[in-house]
Amino acid sequence: KSGEMAKLTKLIDNDVFRAYATYATIVLLKMMLMSLITAYYRVTRKAFVNPEDTEMFGKGENAKKYLRTDPDVERVRRGHLNDLENIVPFLGVGLLYALCGPELSSALLHFRLFTGARIVHTLAYLIPLPQPGRGLPWAAGYMVTISMAYNVLKKVWHL
């Protein structure tokens with residue numbers, strides 16, 4: 001078993017895996033930042049969905065007015081949900097792709113394009129930018145994940 005663990009720890013010596021780990025961490029941190037931005041908007045807009053969250057602003061009937069939706073909060077939440085829908089598949093497919101032994105330059109292109117697309121997509125959501133300012137980076141990131149999936153299937157196709 002220690003030999004198997006030693007093989008796994010050698011992954012960190014693989015340049016493609018290190019690139020994957022770098023860009024996966026960046027997009028995960030970006031996604032986590034969206035949680036903080038959502039919380040910030042909830043507090044500054046005083047728009048909450050849970051009664052216990054309103055208690056800092058009052059009790060009883062007075063607090064109920066803060067149980068509401070706010071367009072700014074909902075916009076940030078939609079951006080965060082879009083991250084979940086796109087970053088989670090990238091993490092799984094990207095890991096499989098990295099383990100299939102692609103050329104470093106190809107892997108870097110995929111990882112960098114996806115990361116850049118997600119950052120631009122988030123900025124387009126938060127600013128907000130007119131379409132296709134949000135749609136194009138979404139499509140670019142989506143196509144990167146499809147490209148990696150295609151490369152994984154091409155490499156391991158055993159149906």
Side-chain angles (χ1 to χ4, degrees), residues 8 11-12 14-100 102 104 106-153:
L8 287 176
L11 269 179
I12 205 66
N14 179 294
D15 286 339
V16 172
F17 183 79
R18 287 187 11 220
Y20 166 77
T22 299
Y23 289 98
T25 301
I26 290 168
V27 294
L28 283 169
L29 287 171
K30 190 213 75 63
M31 187 168 65
M32 291 170 63
L33 179 62
M34 293 300 285
S35 295
L36 296 175
I37 294 171
T38 301
Y40 169 79
Y41 272 79
R42 282 201 183 285
V43 171
T44 59
R45 305 309 194 267
K46 296 181 178 143
F48 303 97
V49 293
N50 299 308
E52 64 272 16
D53 297 338
T54 66
E55 290 177 3
M56 67 180 102
F57 300 106
K59 301 282 185 206
E61 290 300 314
N62 190 37
K64 283 187 179 177
K65 66 183 174 185
Y66 301 114
L67 289 173
R68 62 186 185 85
T69 59
D70 177 87
D72 294 332
V73 173
E74 292 306 307
R75 182 169 196 83
V76 175
R77 282 185 67 243
R78 287 191 305 273
H80 190 197
L81 288 172
N82 193 277
D83 273 351
L84 289 168
E85 294 168 358
N86 289 275
I87 291 174
V88 171
F90 166 80
L91 294 174
V93 172
L95 176 60
L96 296 173
Y97 175 71
L99 294 174
C100 282
L104 178 60
S106 177
L108 284 171
L109 179 64
H110 280 91
F111 301 154
R112 288 174 177 166
L113 279 173
F114 182 85
T115 301
R118 291 313 303 173
I119 290 169
V120 171
H121 183 269
T122 295
L123 292 174
Y125 240 120
L126 295 177
I127 290 176
L129 295 178
Q131 284 291 22
R134 191 178 76 245
L136 289 176
W138 171 85
Y142 199 83
M143 292 310 298
V144 166
T145 303
I146 295 294
S147 174
M148 290 188 304
Y150 170 78
N151 281 286
V152 169
L153 289 174

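Because only heavy atoms are used, hydrogens play no part in the values below, and waters and symmetry mates are left out as well, while side chains stay in. Every value quoted in this text rests on a predicted model; they were computed, and no experiment measured them.
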Would you check, one step at a time, whether the test side chain to side chain contact (heavy atoms under 4.5 Å, CB included) holds for Leu95 with Leu99?
-> CA-CA 6 Å; Leu95 176 60; Leu99 294 174; 4.1 Å; yes

Going through the distances and angles, do Met148 and Phe111 end up as a side chain to side chain contact (heavy atoms under 4.5 Å, CB included)?
-> CA-CA 10 Å; Met148 290 188 304; Phe111 301 154; 3.7 Å; yes

Leu28 and Met31: side chain to side chain contact (heavy atoms under 4.5 Å, CB included), yes or no, with the steps?
-> CA-CA 5 Å; Leu28 283 169; Met31 187 168 65; 3.8 Å; yes

Please report the C-alpha distance between Ile119 and Thr122 in whole Å, then the side-chain angles of each, then the deciding distance to 0.1 Å, and finally whether the side chain to side chain contact (heavy atoms under 4.5 Å, CB included) criterion is met.
-> CA-CA 5 Å; Ile119 290 169; Thr122 295; 5.8 Å; no

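Residues Ser106 and Tyr97 meet the side-chain proximity criterion, which asks for heavy atoms closer than 4.5 Å. Within the 4.5 Å cutoff, side-chain heavy atoms of Met34 are placed close to those of Ile37.
Counting only distance, with no hydrogens or angles, the side chain of Arg134 and the backbone of Leu129 share no donor-acceptor pair below 3.5 Å. Between the side chain of Arg42 and the backbone N or O of Asp70 there is no donor-acceptor pair closer than 3.5 Å.
Among all heavy-atom pairs drawn from Val120 and Pro137, the shortest one is CG1-CG, 3.7 Å. Closest approach of Ala140 to Ala117, counting heavy atoms only: CB-CB, 4.2 Å.
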Which pairs would a plain distance check flag for residues 47-60, meaning a side-chain donor or acceptor within less than 3.5 Å of a matching protein atom at least two apart in sequence or in another chain?
{"from": "Asn50", "atom 1": "ND2", "to": "Asp53", "atom 2": "OD2", "distance (Å)": "3.3"}
{"from": "Thr54", "atom 1": "OG1", "to": "Pro51", "atom 2": "O", "distance (Å)": "2.6"}

Could you give the side-chain donor-acceptor pairs of residues 20-27 under 3.5 Å, partners two or more places apart or in another chain?
{"from": "Tyr20", "atom 1": "OH", "to": "Leu91", "atom 2": "O", "distance (Å)": "2.6"}
{"from": "Thr22", "atom 1": "OG1", "to": "Arg18", "atom 2": "O", "distance (Å)": "2.8"}
{"from": "Tyr23", "atom 1": "OH", "to": "Arg112", "atom 2": "NE", "distance (Å)": "2.9"}
{"from": "Thr25", "atom 1": "OG1", "to": "Ala21", "atom 2": "O", "distance (Å)": "2.7"}

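Summarising the geometry, atom CG belonging to Asn151 is positioned 12.0 Å from atom CG belonging to Leu96; distances are rounded to the nearest 0.5 Å. With rounding to the nearest 0.5 angstrom, the OH atom of Tyr150 is 12.0 Å from the CE atom of Met143. From Leu33, atom CG reaches atom OG1 of Thr38 across 9.0 Å, with rounding to the nearest 0.5 Å. Between the CG atom in Asn82 and the CH2 atom in Trp138 there is a gap of 8.0 Å [rounded to 0.5 Å].
For Phe17, the CZ atom sits in a packed shell: over 12 heavy atoms of surrounding residues, nucleotides or ligands are nearer than 6.0 Å.
A salt bridge (Lys or Arg N to Asp or Glu O under 4.0 Å) with Asp83 is found for one member of Lys30, Arg77, Arg78 and no other, namely Lys30.
Here Phe114 and His110 keep their ring centres 6.0 angstrom or further from each other.
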